[in-house]
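Shown next, in structure tokens, is the structure this report addresses.
All chains are named by letter (A, B, ...) in the order of the sequence lines, taking the proteins before the strands, and each is independently numbered beginning at 1. As the structure is a computational prediction, the values presented were derived from the model and not from experiment.
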Amino acid sequence: MGNEKGLTPQAEDFSAWYNEIVQQAELASHSAVRGCMVIRPYGYRIWELIQAGLDGMFKATGHQNAYFPLFLPKSALDREAEHVEGFAPETAIVTHAGNSELEEPLVVRPTSEAIIWPIVRDWIDSYRDLPLLLNQWANVVRWELRTRPFLRTTEFLWQEGHTAHATESEAEEETRRMLGVYRTFMEDWMALPVITGLKTESEKFAGAVRTYATEGLMRDNRALQAGTSHNLGQNFARAFDVRFQTEEGEHDFVWSTSWGVSTRLIGGLIMAHGDDTGLVLPPRLAPYQAVIVPIWRNEDQKGQVLESAARLAEALVGGGIRTHLDGREGMNPGAKYYDWERRGVPVRLEIGPRDLEAGQAMVVRRFTPDGEDRKRPLSLGGITEELETLLVRMQGELLAEATERRGANTTRNVESMDTFRDVVESVGGFVFTGWCGDEGCEARVKEETKATIRVIPDEEFRSSDPPTRCLCGEASVAEVVRAKAY
RNA sequence: CGGGGCGUGGCGCAGUCCGGUAGCGCACCUGCUUUGGGAGCAGGGGGUCGCCGGUUCGAAUCCGGCCGCCCCGACCA
């Protein structure tokens with residue numbers, strides 16, 4: 001703890017800052033079981049808003065929600081060789097029901113490919129049944145050795161899309177489409193700019209042909225893989241015998257994809273925007289977009305102020321602004337200011353006797369672009385519209401700020417190992433380098449610097465004049481983004 | 001899973017070395033006075049000291065085992 005009332009500054013100890021903010025903003029707490037966390041109401045509300053935003057986008061792209069079971073027979077997981085190998089070390093296995101041993105152990109899903117495909121194969125007969133576009137909101141369990149709230153927990157909540165297509169190109173198109181959906185969500189809702197691109201073989205999903213990811217930059221200049229989208233080719237279709245009859249009457253295995261984002265996004269939100277005062281939430285994902293703090297000096301004023309504040313709250317809620325009236329007694333306004341700032345509420349409305357007389361409320365923003373006033377009065381007439389505009393603007397400003405920070409912490413055209421090491425150890429951030437394409441080289445650089453290849457970036461992120469050499473001195477076959485990551 | 005640190009009211013900690021009725025700050029409850037950037041005074045409530053076992057007349061304190069958390073490494077969304 002930095003001091004009695006504040007947080008440990010980020011610059012002093014980012015991990016400590018993160019843990020304190022999770023606790024003090026009442027996002028989550030630990031449970032009795034190692035690596036598991038309780039998502040508290042304020043944190044869960046953020047997840048609900050994330051869900052609502054993404055779910056709308058999934059539906060708009062033709063996907064339907066379903067729910068598949070938590071357990072799968074161990075034999076099912078074992079059917080796709082790479083998949084088993086990837087997940088075996090981190091699966092939780094149920095062997096008993098009460099006192100009797102089960103005939104076949106059950107695996108608690110670490111992901112649902114091996115549950116879904118044996119079932120869905122019966123839903124698919126012909127090309128007319130394709131594409132099959134499914135999504136499920138679920139919990140999964142991965143027995144991680146090292147856990148952190150939201151970023152990596154033993155059990156976590158996520159969304160997993162699973163689709164089947166008639167052709168390879170359709171599957172690839174779907175994989176890319178959903179990567180784009182994630183990117184849009186991250187930028188427009190989370191105000192988190194991300195680099196999209198392809199994972200290297202060693203970093204891809206176990207069982208995938210290709211894995212794409214979105215990578216965001218946190219305020220400690222480490223990267224966070226925020227979402228992944230996999231082109232599974234026909235790997236799972238072969239493993240689970242999912243065939244369909246083509247237009248020409250032939251039989252073929254379906255081409256499938258899967259894609260997911262998890263409660264890790266909340267960790268990303270915290271680390272992308274939070275400051276030494278506390279959480280900073282983008283308006284679109286803030287449980288409360290505006291909090292009203294009433295101020296009074298005597299009983300008479302208290303009645304009037306509270307009444308006006310309640311009317312104001314009602315008007316704002318009616319206008320679609322998530323609003324909370326903080327009527328707690330025995331707490332000074334100042335204490336409330338700190339409280340809501342720590343929780344990242346975008347806008348605070350102060351309303352007191354002086355404001356009532358002037359027919360206004362003081363509007364105080366959680367963050368502003370440099371040099372702009374945080375605080376100004378707004379007339380109560382038309383305040384809903386003003387706030388709507390303000391929240392939209394703040395959403396944009398937060399993204400702009402994060403994008404600028406990413407730019408300032410991105411280094412391009414690094415060609416030598418010495419320079420690379422220097423950059424990683426001093427600035428950190430995203431480092432664009434060449435890559436020879438060799439996995440051994442990738443592993444050695446990781447070993448030496450702890451920085452990994454995050455993605456082979458999509459075209460729009462590539463340098464206009466990319467490096468011609470890998471860090472090892474060999475000719476580069478692809479420009480890559482490297483960073484220390486969570 | 002290896003190395004290090006730590007578990008004492010909701011949170012942060014002292015007490016543990018040297019065994020003897022469990023304490024402090026914040027938070028909480030009641031009352032009064034306050035309230036435009038973390039209020040004051042008075043009174044009050046709450047902890048089988050992570051868990052299990054052992055030693056002892058007596059254990060937060062000593063011994064053994066286990067569990068959890070944090071940091072650093074090997075694996076991962």
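In this structure, R148(A) forms no cation-pi arrangement with Y486(A), as its terminal cationic atom is not both closer than 6.0 Å to the ring centre and no more than 45° off the ring axis.
Contact between the side-chain N/O atoms of R297(A) and the OP1/OP2 oxygens of U35(B) is found at a separation under 4.0 Å. Applying the 4.0 Å criterion to OP1 and OP2 of A74(B), one finds that K450(A) has a side-chain N or O inside that range.
Within 4.0 Å of P89(A), counting heavy atoms only, lies no atom of the nucleic acid at all. Residue contacts shown for G268(A) are absent, as no nucleic acid heavy atom lies under 4.0 Å away. L224(A) comes within 4.0 angstrom of no nucleic acid atom, judged by non-hydrogen atoms across all strands. Contact annotation for R348(A): base contact, defined as any heavy-atom pair under 4.0 Å involving a base atom. T153(A) comes within 4.0 angstrom of a base, heavy atoms only. Within the 4.0 angstrom heavy-atom criterion, no nucleotide atom of any strand lies near T263(A).
Comparing G2(B) with A74(B), their C1' atoms are spaced 9 Å from each other, to the whole Å.
A stacking contact between Y337(A) and G37(B) is absent: the pair does not combine a ring-centre distance of less than 5.5 Å to the base's six-membered ring with planes differing by less than 30°.
Closest contact between the side chain of F156(A) and the listed nucleotides G37(B), G73(B), A77(B) involves A77(B). Here the side chain of A335(A) is nearest to one of C71(B), A39(B), G36(B), namely A39(B). Nearest to the side-chain atoms of E341(A) among the listed nucleotides C11(B), G37(B), G36(B) stands G37(B). Distances from the side chain of N332(A) to the nucleotides U35(B), C71(B), A77(B) place U35(B) closest.
Partner of E350(A) under the salt bridge (Lys or Arg N to Asp or Glu O under 4.0 Å) criterion, out of R374(A), K336(A), R376(A), K375(A): K375(A) alone. Under the salt bridge (Lys or Arg N to Asp or Glu O under 4.0 Å) rule, E341(A) has a single partner from R366(A), R348(A), R365(A), which is R348(A).
U30(B): Watson-Crick or G-U partner is A42(B), with both key distances under 3.5 Å.
Shown here is E314(A), whose CD atom has no more than 12 heavy atoms of other residues, nucleotides or ligands within 6.0 Å.
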